[in-house]
Amino acid sequence: MARPSLDEKHTMPDLHTYTPIVDAFKTQPGTRLTLKGWVRTRRDSKVGLSFIQLSDGSCFDAIQIVAPADLPNYTDVVLSLTTGCAIAATGTLAQSQGKGQDVELQAESIELIGGIENPDTYPVPQKRHTFEYLREVAHLRPRTNTFGAVARVRHCLSYHIHRFLHERGFYYVHTPIITASDAEGAGEMFRVSTLDLVNLPHTEEGGVDFSDDFFGREAFLTVSGQLSVETYCCALSKVYTFGPTFRAENSNTSRHLSEFWMIEPEIAFCDLAGSIELAEAMLKDLFRTVLDERADDMAFFNLRIDKTVIETLQHIIDSPFVRITYTDAVEELRKAKKKWEFEPRWGADLHSEHERYLTEVVHKTPVVVTDYPKGIKAFYMRLNDDEKTVAAMDILVPKIGEIVGGSQREERLDVLDRRITEMRLPIEAYWWYRDLRRYGTVPHAGYGLGFGRLVQFTTGMANIRDVIPFPRTPRNAEF
RNA sequence: UCCCCUGUAGCUCAAUUGGCAGAGCGAGCGGCUGUUAACCGCUAGGUUGUUGGUUCGAGUCCAACCGGGGGAGCCA
């Protein structure tokens, strides 16, 4: 990420009457600076000094400020600073006399900007906290090491997804959040309505009369931008969406959210293999970039969260993803000397234990499973010549399982219609989707990459609720 | 939604066969120190998730409900 260099600062609006700590660390000792941020800890020395660890979130490390006892407000302000206080400190950057840091700020003045009402009630004092507890104080958890690091990595991944796709000629399409179609076929939907719930208008047959509703018909939050983005794909060739999606499933796991972000590239004149290549290149590019640009945060995750993350990411960057058909995968699983809770069987979906075995035990790397039975996959996936399987793919990674799900789309109208009918879906609802096959249809393919799962995998964080600022899950929408 | 575990101080957890509610961390005060996961001492802090039941007596046993965690399913 191109942070503005110090020289470029003057070309920016004067937001910074102070220096971000990330820049302070790169500054020559002897330079006079003002720093602003939040106090992590204060330690006093009877030599006549206080040491203040200051963090502003611009990088992982906090900086040490040395506050001499002869500051005019030393007794009444400096000595009462506690964890969480917001301050401004002006002074000279100096080579540290102590161990543990290279540079520190020798303060000439310290100004209290925002104090702590009562240190005893501050929810995130400088001590160990469980992630479960921190979820209850989600408005203050970004001040902790872990959540600051997650936020920076999340930003880095987000930014470079756009960069990666942009560099390859993809256009970013804003697909709608509200959809009038309940036929997206990827799970339970949240209803969007302005009807008065306690006094619903009824039709003559006794059902709810949605013609009185805001859109004059039933409306929902989208579960996927795919169907919409296919329309732009069949005009701009290479496109993607990156936005929130919503699933009203009663899912209670460490890798599901009711509101989550997803990247959905869609590529015209492309088959399944092409979309797998893109997904693999994209994941590798992202891992490489994060290890490079967020080395500070990644070192922390590797030390405190998961001692194998960096090694795992590096290994993935260096080796090709394993590709295996569903049929071969089932064969391999059946041959495995392992007791399954669910016996692998052709025609049934792979269970969590099967996916983990493939990716964690057999291959120890991401595994791309392709060509699933048509009966367990969505209507829009392209029927293979065997008439039994469809050109679908899932990319499985250790611990998390499915991180990408994609397919080549069915571009033949007759086959598409047959599939819609077979699956007893309301064909009228797909009129505009079917039009794409009537007017200049082309082979195309795409996939959905779960952004939260990507952040989870990259950081080693065990629960998806801890890689998004304010997780929405069943019975939980505080904040 | 199903299975298993769990709910005690601000946080993390103890509390013997049912018998006086405890510790560490954090916080406050004091001491020590170019300190840095600091160290030493003192102090404050509790309707044991809720409701009901069994019992002379319930943190402990029983029931229902509510929250949290792990696994499964749904998927990204």
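Given the structure is predicted, the values throughout are model-derived calculations rather than measurements. First the proteins, then the strands, lettered A, B, ... as listed; each starts at 1.
A donor N or O paired with an acceptor N or O is not found under 3.5 Å between the base of B/rC75 and the side-chain atoms of A/Ser251. Between the side chain of A/Glu132 and the base of B/rG68 there is no donor-acceptor pair of N/O atoms closer than 3.5 Å. Contact of A/Gln106 with B/rG34 (side chain to base): a donor-acceptor pair of N or O atoms is detected under 3.5 Å. For B/rC75, its base sits under 3.5 Å from the side chain of A/His256 at one donor and acceptor pair at least. Within 3.5 Å, a donor on the side chain of A/Arg453 pairs with an acceptor on the base of B/rC75, or the reverse.
Nucleic acid contact for A/Glu341: none, since no nucleic acid atom lies under 4.0 Å from a heavy atom of the residue. A/Thr245 comes within 4.0 angstrom of nothing in the nucleic acid, heavy atoms only. Looking at heavy-atom distances under 4.0 Å, A/Asn463 makes contact with sugar-phosphate atoms alone, never a base. Residue A/Glu188 is out of contact with every strand shown, counting any heavy-atom pair closer than 4.0 Å. Among the heavy atoms of the strands lying under 4.0 Å from A/Leu49 is at least one base atom, whether or not backbone atoms are also near. Among the atoms of the strands shown, only primed sugar atoms or phosphate atoms (P, OP1, OP2) are found under 4.0 Å from some heavy atom of A/Tyr133. Residue contacts for A/Asn118: at a heavy-atom cut-off of 4.0 Å it reaches no nucleic acid atom on any strand shown. The residue A/Arg40 sits apart from the nucleic acid: no heavy atom pair falls under 4.0 Å. Using a 4.0 Å heavy-atom distance criterion, A/Glu259 is classed as making no nucleic acid contact.
Regarding A/Glu249, its CD atom lies at a distance of 12 Å from the P atom of B/rU1, rounded to whole Å.
Classification of the A/Trp261-A/Phe242 ring pair by plane angle, with boundaries at 30° and 60°, yields perpendicular.
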Pairs under 3.5 Å (Watson-Crick or G-U), crossing ones as [ ], inter-strand ones as |: RNA chain B comes out as (((((((..((((.....[..)))).(((((.......))))).....(((((..]....))))))))))))....
